There are 2 protein chains.
Amino acid sequence: MDIRSLKHFHTIATCGQFTRAAIQLHISQPALSNTIKSLENELGCTLFERSTKSLKLTEPGEILYKHAGNVLESFDKIYKEMEDARNVGKGKINLGMIESYRYFISHMIGIFKSKNPAVSMKVRELGPNDIVKKLESFDIHLGITSIANDHNNFKYIPIFQENYVLLTPPEHRFKNLTSIEIIDLKNETFIHSLEGFKIRETFIKACEHVGFSPSVEFETESLETACSLVENGLGISVVPESFLALNPSKRRNEVFIKDFASKRTVYLVYQPERYLPPPIQDFIDITLQFSNEIIVRK
Amino acid sequence: MDIRSLKHFHTIATCGQFTRAAIQLHISQPALSNTIKSLENELGCTLFERSTKSLKLTEPGEILYKHAGNVLESFDKIYKEMEDARNVGKGKINLGMIESYRYFISHMIGIFKSKNPAVSMKVRELGPNDIVKKLESFDIHLGITSIANDHNNFKYIPIFQENYVLLTPPEHRFKNLTSIEIIDLKNETFIHSLEGFKIRETFIKACEHVGFSPSVEFETESLETACSLVENGLGISVVPESFLALNPSKRRNEVFIKDFASKRTVYLVYQPERYLPPPIQDFIDITLQFSNEIIVRK
DNA sequence: TCTTCTTTATAACTTTAAGTTATCAATTCA
DNA sequence: TGAATTGATAACTTAAAGTTATAAAGAAGA
């Protein structure tokens with residue numbers, strides 16, 4: 001049993017076929033037959049129930065499949081960490097962030113870059129779920145997100161907090177108001193983005209607390225889409241304040257909700273168990289400092 | 001990079017020498033030189049700072065070493081789980097327990113054996129720390145211990161609880177008493193066994209609570225030794241009740257401590273993530289049932 | 001039912017790489 | 001300085017991973 005055989009085994013189990021797995025692995029089909037034969041020999045049990053027209057994992061096969069997946073993942077991670085270790089000095093940071101933070105983050109990145117001009121950064125714009133996945137698979141070193149999840153071993157550092165405001169179409173009945181109360185929103189149609197699923201829950205609870213259940217008619221991927229739906233008069237939405245500064249437009253109104261105090265927190269997130277080369281440590285340190293400044297300002 | 005090269009690399013790093021590692025791996029020294037050379041080539045970095053008289057891991061080497069250890073451990077576990085998977089039906093259970101539970105456990109094993117006559121059991125007597133280690137390395141399927149540790153992902157099932165009694169030498173001033181209070185123990189010399197480190201802490205706290213700090217003069221490995229030290233008049237000790245039933249002797253006195261209500265709980269412990277074949281599941285089920293019975297009786 | 005297609009297994013062969021022995025170069029230490 | 005120890009290099013052997021060609025078995029369509 002070695003990684004090669006586990007890789008072969010895993011690919012067959014995933015494909016559900018020797019022939020297709022062979023193509024995927026860029027080897028011949030008999031080579032695969034051999035690998036599995038000797039693997040079964042070594043382990044003393046059959047791994048696949050196989051016939052010419054169907055392929056199924058046996059009980060021991062299922063167990064091995066689970067392990068094989070984990071070990072192969074570990075191997076991928078080793079390669080990624082070794083790449084970081086090799087590049088110490090050269091420096092390269094992979095960062096994934098929710099797109100709506102571009103404006104704020106560029107400031108932080110600016111500070112970092114002025115201190116570490118030799119370090120190259122690859123900034124990807126990802127959804128909150130992708131950030132978690134890509135951190136787990138070591139594809140990104142750092143993430144910037146507003147959703148802090150307790151279930152994994154990630155470390156979250158709060159960077160800043162901001163308020164939410166209500167966004168309405170230009171000709172809405174709130175157009176001459178600067179602030180309203182939640183109860184005024186009864187009978188309105190709501191648009192929410194998946195990006196802010198946390199605020200959605202909080203908001204719905206706040207509505208229920210004052211005695212009504214808001215009708216959420218649209219759910220979109222990004223804040224941008226939510227915003228443009230509002231501009232087209234399809235409903236109203238609750239969005240973070242900073243987003244509006246980033247995307248100025250005269251085709252909508254902003255109204256402050258007096259009795260809705262919930263804030264969104266933006267976090268820097270990373271895996272503390274992973275080896276993080278000096279420039280990344282530096283980025284984290286700068287973020288921590290930034291975080292303190294912001295918190296003092298608040 | 002494959003397991004073979006990781007194994008070679010890991011052995012060299014552990015031995016601190018190519019030559020010795022080669023002997024340990026039962027291969028020639030040039031073969032090792034080759035492995036490391038090609039590994040360094042593949043990863044694009046030096047793994048060892050090497051000269052004829054000293055060998056040291058580089059920074060990337062240190063990182064790889066950590067990972068290699070984990071991956072090699074995973075592989076060992078795969079073999080062990082696959083052995084269980086292969087032997088489904090034949091049945092074999094490795095159990096590790098603290099020796100002082102022999103008496104109780106033999107009852108439970110008896111019930112299990114009468115329901116599963118074909119299953120062979122290997123029962124090892126281990127210290128509490130070894131039980132944790134051997135569960136982690138998949139060397140035993142089940143453990144029986146009185147120390148429940150939150151730090152790992154083990155599952156603990158309480159089997160039974162019992163009281164502690166005070167053990168004194170035959171000619172001790174308590175010899176005609178059946179019960180005393182903690183405060184009466186001021187100025188006594190104590191003997192404790194490592195096996196019961198939990199009770200030791202609880203007991204010391206109880207003493208401090210009534211206003212004195214007990215002097216622990218002896219610490220031994222096993223309850224047996226603690227007991228024999230008491231019999232030889234070197235001090236007094238607090239031991240679980242069941243232990244005395246197991247080891248009758250006239251060379252000591254047993255006294256109940258009225259205001260010390262702490263009990264010891266004995267647990268069945270296992271790793272729920274690990275694949276556990278049907279007979280082991282059965283053993284766990286029987287234990288759970290046993291556990292309920294005991295708890296009802298209390 | 002026979003033919004065709006698909007899928008895995010077997011056989012014979014090639015090539016790669018892991019391991020071997022012999023030897024060298026460098027360093028420590030008596 | 002010379003013996004001893006340690007890792008690197010060179011040349012060779014061998015085991016195994018992969019190749020192509022082909023067989024066997026089951027499913028599907030005419």
Side-chain angles (χ1 to χ4, degrees), chain A residues 1-62 64-65 68 71-72 75 78-79, chain B residues 1-62 64-65 68 71-72 75 78-79:
Chain A
M1 187 160 63
D2 55 5
I3 311 136
R4 189 194 52 90
S5 25
L6 285 186
K7 176 85 193 164
H8 288 195
F9 167 76
H10 193 264
T11 308
I12 297 168
T14 306
C15 290
Q17 233 196 48
F18 279 64
T19 314
R20 222 169 332 134
I23 296 166
Q24 203 174 306
L25 290 164
H26 307 291
I27 56 168
S28 67
Q29 170 268 310
L32 269 186
S33 287
N34 261 335
T35 307
I36 300 306
K37 197 180 171 186
S38 56
L39 196 56
E40 289 180 329
N41 227 40
E42 182 189 347
L43 296 174
C45 54
T46 314
L47 296 170
F48 293 108
E49 301 274 13
R50 45 204 195 271
S51 69
T52 49
K53 279 290 157 184
S54 86
L55 193 70
K56 216 180 81 184
L57 281 168
T58 61
E59 173 82 10
E62 289 284 0
L64 187 62
Y65 183 62
V71 169
L72 291 170
F75 256 81
I78 295 180
Y79 278 110
Chain B
M1 185 160 64
D2 55 4
I3 312 136
R4 188 195 53 91
S5 26
L6 285 187
K7 177 85 192 163
H8 287 195
F9 166 75
H10 193 264
T11 309
I12 296 168
T14 307
C15 291
Q17 234 196 52
F18 278 64
T19 314
R20 221 170 332 134
I23 296 166
Q24 202 175 308
L25 289 164
H26 306 291
I27 58 170
S28 66
Q29 170 266 310
L32 269 187
S33 286
N34 263 334
T35 307
I36 299 307
K37 196 179 170 184
S38 55
L39 196 55
E40 290 180 326
N41 228 40
E42 182 188 349
L43 296 174
C45 54
T46 314
L47 296 170
F48 293 109
E49 301 272 14
R50 45 208 198 267
S51 68
T52 49
K53 279 288 159 187
S54 87
L55 194 69
K56 216 180 80 185
L57 282 168
T58 60
E59 172 83 12
E62 289 286 359
L64 186 62
Y65 183 63
V71 169
L72 291 170
F75 256 81
I78 295 181
Y79 277 110

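Being a predicted model, the structure only gives us computed values, none of them experimental. So you know, we letter chains A, B, ... as the sequences are listed, proteins then strands, and number each from 1.
Put simply, CG on A:Asp2 is 19 Å from P on C:dT16, counting in whole angstrom units. Taking atom CG on A:Asn34 and atom C1' on C:dC13, their separation rounds to 13 Å, with Å as the unit. What separates CE of B:Met1 from C1' of C:dA17 is a distance of 18 Å, to the nearest Å. Regarding B:Ile3, its CD1 atom lies at a distance of 13 Å from the P atom of C:dA18, rounded to whole Å. The CD1 atom of B:Ile27 sits 5 Å away from the P atom of C:dG19 (whole-angstrom rounding). In this structure, the CG atom of A:Asn41 is 13 Å from the P atom of C:dA9, given to the nearest Å. B:Ile36 has its CD1 atom 12 Å from the P atom of C:dA18, to the nearest Å. Straight-line distance from the CD atom of A:Gln29 to the C1' atom of C:dA9: 7 Å, rounded to whole Å.
Atom CZ of A:Phe48 is separated from atom CD1 of A:Ile12 by 5.0 Å, given to the nearest 0.5 angstrom. If you take CD1 on B:Ile23 and CG on B:Leu32, they are separated by 10.5 Å, rounding to the nearest 0.5 Å.
In this structure a side-chain-to-backbone donor-acceptor pair under 3.5 Å is present from A:Glu42 to A:Met1. No donor-acceptor pair under 3.5 Å is formed between the side chain of B:Glu49 and the backbone N or O of B:Lys56. Using a distance-only test at 3.5 Å, with no hydrogens or angles considered, a donor-acceptor pair links the side chain of B:Thr58 to the main chain of B:Thr46.
A:Gln17 comes within contact range of the sugar-phosphate backbone alone, with a heavy-atom separation under 4.0 Å but no base atom that close.
For A:Lys37, taking side-chain heavy atoms from C-beta onward, the closest of the listed nucleotides C:dA9, C:dT10, C:dG19 is C:dT10.
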Passes side-chain contact (heavy atoms from CB on, under 4.5 Å), A:Leu39 versus A:His8? Steps please.
CA-CA 10 Å; A:Leu39 196 56; A:His8 288 195; over 6 Å; no

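Protein chain A contacts DNA chain D over a range whose 5' and 3' limits, counting nucleotides with an atom under 4.0 angstrom from a non-hydrogen atom, are D:dA17 to D:dA27.
For the residue pair B:Asp2 and B:Ser5, a side-chain donor N or O sits within less than 3.5 Å of a side-chain acceptor on the partner.
When the side chain to side chain donor-acceptor pair (under 3.5 Å) test is applied to A:Gln24, no partner is found at least two apart in sequence or on another chain.
The phosphate of C:dT8 (OP1 or OP2) has a side-chain N or O of A:Thr19 nearer than 4.0 angstrom. For the OP1/OP2 pair of C:dT6 and a distance below 4.0 Å, the side-chain nitrogens and oxygens of A:Arg20 include no atom meeting the criterion.
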Would you tabulate the pairs of protein nitrogen or oxygen atoms and nucleotide nitrogen or oxygen atoms of nucleotides 24-30 of chain C closer than 3.5 angstrom?
| from | atom 1 | to | atom 2 | distance (Å) |
| --- | --- | --- | --- | --- |
| C:dT27 | O4' | B:Thr52 | OG1 | 2.8 |

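With respect to A:Phe9, the side chain to side chain contact (heavy atoms under 4.5 Å, CB included) criterion is satisfied by exactly one of A:Leu57, A:Thr14, A:Thr35: A:Leu57.
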